[in-house]
Amino acid sequence: VVAAVAFESLVKLFAFLAVGIFVTFGMYQGLEDLFQQAMQREDVLRLFSLEESGFDGTSWGLSLLLSMLAIILLPRQFHLAVVENTNPDFVQKASWLLPLYLLLINIFVLPIALGGMLQFPLGEVESDMFVLHLPLLENKAVLALLVFIGGLSAATSMVIVAVIALSIMISNNLVLPLLLRATVINEQSVADLYPRLLGIRRVSIALVLLLAYAYFKSVGPEYSLVSIGLISFTAVAQFAPVIIGGIYWKRATRAGAISALLVGFVVWAFTLPLPTMAEAGSLSRDFIDRGFFQLAFLKPYALFGMEGMDRSSHAAFWSLLLNTATYFTVSLYTEARPQEGTQAVLFVDVEKYQEGNRDLDMIKREAKVADIMVLLNRFLGEQRASELLWSFERQRGQLLAKSPRASDELLAYAENHLAGAIGAAS
């Protein structure tokens with residue numbers, strides 16, 4: 001998966017740079033010529049001013065905040081940065097390589113946008129499609145085909161990684177814990193969890209794809225790709241208060257985190273997805289025009305009487321504000337369970353419990369090597385378990401058959417791979 005995503009990223013970058021160079025230096029005489037012609041159009045000139053374009057500083061700041069949070073919290077981002085990351089040193093490389101990639105792929109965004117507005121002044125082509133229609137306008141079929149391949153590869157890789165990440169999250173954190181509780185007393189059922197796990201993930205992939213397609217069919221014709229993207233950005237931003245608080249604040253509680261997420265997602269759903277479905281005709285528009293329960297302050301686009309912001313910024317402001325307020329308020333008025341306190345210390349004071357600091361281990365664990373083998377076989381399958389144990393023996397230079405007790409290294413090794421397969425919580 002990682003190799004495929006890396007390859008499509010190069011294809012996408014090459015295609016976008018190619019069409020950017022063609023528009024800037026093929027259709028126009030360079031950046032100076034393109035910008036001079038664009039500045040002669042009043043409708044284009046207005047876009048360079050926040051006030052004139054109808055996009056104030058608050059909305060701009062909230063859009064930047066949503067984008068920053070999305071690049072960390074989107075499931076596909078987390079999956080590639082953490083789950084598929086086989087070496088922590090890769091994070092250091094990504095810290096400069098990712099910004100460089102973003103810089104390169106955004107160099108020609110503005111020239112292509114200006115070229116599209118100049119060539120299609122009546123708005124007959126959506127801005128999302130400028131990159132494809134500009135080469136077609138000049139009868140550059142090969143370049144248009146390259147752009148299409150780049151766009152298709154980008155879209156498919158995004159969908160593939162997203163559904164894989166979501167299927168793992170659904171199975172590991174929702175379905176599998178329930179399945180383990182239901183089958184923990186039935187040894188035979190537990191032994192068959194590996195094929196069940198694959199089945200759960202495959203069904204989850206199908207459900208996620210069907211739900212996404214159903215939502216697209218209901219609102220897609222009415223909204224641009226950017227608008228739909230901002231809806232998802234606002235959704236994943238609801239995890240930010242809980243995640244950031246969990247890293248830096250020991251006083252946070254499970255009740256506070258769950259309450260905050262519930263409040264944040266309810267406000268997000270009320271102010272973005274539901275109104276879009278109503279405007280597309282899937283739901284009644286009554287609550288948009290008159291407010292929920294006929295209450296004027298419960299209008300989704302003017303919640304609590306606030307007006308003047310664009311829809312995404314309005315939803316982000318209220319959902320994140322109420323989410324954060326709920327998180328701190330409930331946490332301060334509820335008591336954390338002992339296990340929550342232990343987890344909080346491990347997360348906040350992580351430097352004390354990093355590998356190599358054995359004196360500060362909070363829990364001394366014991367297990368037999370045979371038990372570790374049984375666990376790995378149940379959840380990873382016999383072939384994968386055998387490969388992992390053989391790799392461990394080769395790296396450590398020791399035979400597990402000679403030591404019936406599992407060492408701390410083997411326990412940590414098994415935990416890491418089990419967490420990758422069934423989730424740390426399970």
Side-chain angles (χ1 to χ4, degrees), residues 1-24 26 67 70-86 90 93-94 96-113 115-116 125-169 201-202 204-206 208-217 220-221 223-233 236:
V1 172
V2 174
V5 171
F7 179 74
E8 73 80 16
S9 297
L10 294 177
V11 172
K12 176 174 61 178
L13 178 62
F14 178 76
F16 200 82
L17 289 177
V19 72
I21 293 171
F22 166 73
V23 171
T24 306
S67 301
I71 206 168
I72 300 173
L73 302 176
L74 277 172
R76 61 179 183 270
Q77 306 291 121
F78 175 83
H79 184 77
L80 285 178
V82 180
V83 178
E84 296 285 357
N85 188 353
T86 59
F90 291 159
K93 181 181 292 185
W96 63 266
L97 193 57
L98 177 61
L100 176 61
Y101 182 89
L102 292 176
L103 174 64
L104 291 175
I105 205 168
N106 281 283
I107 285 178
F108 290 107
V109 168
L110 194 55
I112 292 174
V125 175
E126 290 188 13
S127 57
D128 292 337
M129 303 299 292
F130 284 167
V131 68
L132 186 60
H133 278 270
L134 286 173
L136 290 175
L137 184 66
E138 298 292 321
N139 295 318
K140 302 296 182 180
V142 175
L143 181 58
L145 178 61
L146 176 63
V147 171
F148 176 78
I149 293 174
L152 182 64
S153 65
T156 51
S157 69
M158 182 176 67
V159 171
I160 290 170
V161 177
V163 294
I164 289 176
L166 288 172
S167 69
I168 292 174
M169 293 176 179
R201 290 181 180 173
R202 288 166 179 163
S204 300
I205 287 174
V208 169
L209 283 172
L210 288 173
L211 289 172
Y213 184 67
Y215 180 75
F216 166 75
K217 291 297 291 183
Y223 293 90
S224 66
L225 180 63
V226 173
S227 300
I228 297 176
L230 284 174
I231 294 175
S232 65
F233 282 15
V236 296

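Residues: numbered from 1 along the sequence shown. These values consider heavy atoms only, across backbone and side chains, with no hydrogens, waters or symmetry-generated copies.
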### Message
For the CG atom of L145 and the CG atom of L136, what is their distance to the nearest 0.5 Å?
### Response
10.0 Å
### Query
Does the side chain of V5 come within less than 4.5 Å of I160's, by heavy atoms?
no
### Spacing of CD1 belonging to I164 relative to CE belonging to M169, to within rounding of 0.5 Å
12.0 Å
Counting only pairs under 3.5 Å, give me each side-chain donor-acceptor contact of residues 98-112, with atom names and distances, residues two or more places apart or in other chains.
from : atom 1 : to   : atom 2 : distance (Å)
Y101 : OH     : S9   : O      : 2.7
N106 : ND2    : L102 : O      : 2.6

### Task
Give the intermediate values and the outcome of side-chain contact (heavy atoms from CB on, under 4.5 Å) for residues Y215 and I231.
CA-CA 12 Å; Y215 180 75; I231 294 175; 3.5 Å; yes
### Heavy-atom check, side chain of P75 versus side chain of V236, under 4.5 Å
yes
### Nearest heavy atoms of L146 and A18, plus distance in Å
CD2-CB, 4.1 Å
### Task
Could you note down all residue pairs passing side chain to side chain donor-acceptor pair (under 3.5 Å) where residues 151-169 supplies at least one of them, sequence neighbours left out?
E8-S157
## Note on the structure
Between the CG atom in L74 and the OG atom in S67, the distance rounded to the nearest 0.5 Å is 10.0 Å
### Task
Could you note down all residue pairs passing side chain to side chain donor-acceptor pair (under 3.5 Å) where residues 132-141 supplies at least one of them, sequence neighbours left out?
none
### Query
Looking at OH of Y213 and CG of L211, how far apart are the two atoms once the value is rounded to the nearest 0.5 Å?
13.5 Å
#### Entry: Residue pair L209, V159: steps toward the side-chain contact (heavy atoms from CB on, under 4.5 Å) verdict
CA-CA 9 Å; L209 283 172; V159 171; 3.7 Å; yes
### Message
To the closest 0.5 Å, what do you measure between CG (L152) and CD1 (I149)?
### Response
8.0 Å
### Criterion side-chain contact (heavy atoms from CB on, under 4.5 Å) on Q77 and I72, from CA distance to verdict
CA-CA 6 Å; Q77 306 291 121; I72 300 173; over 6 Å; no
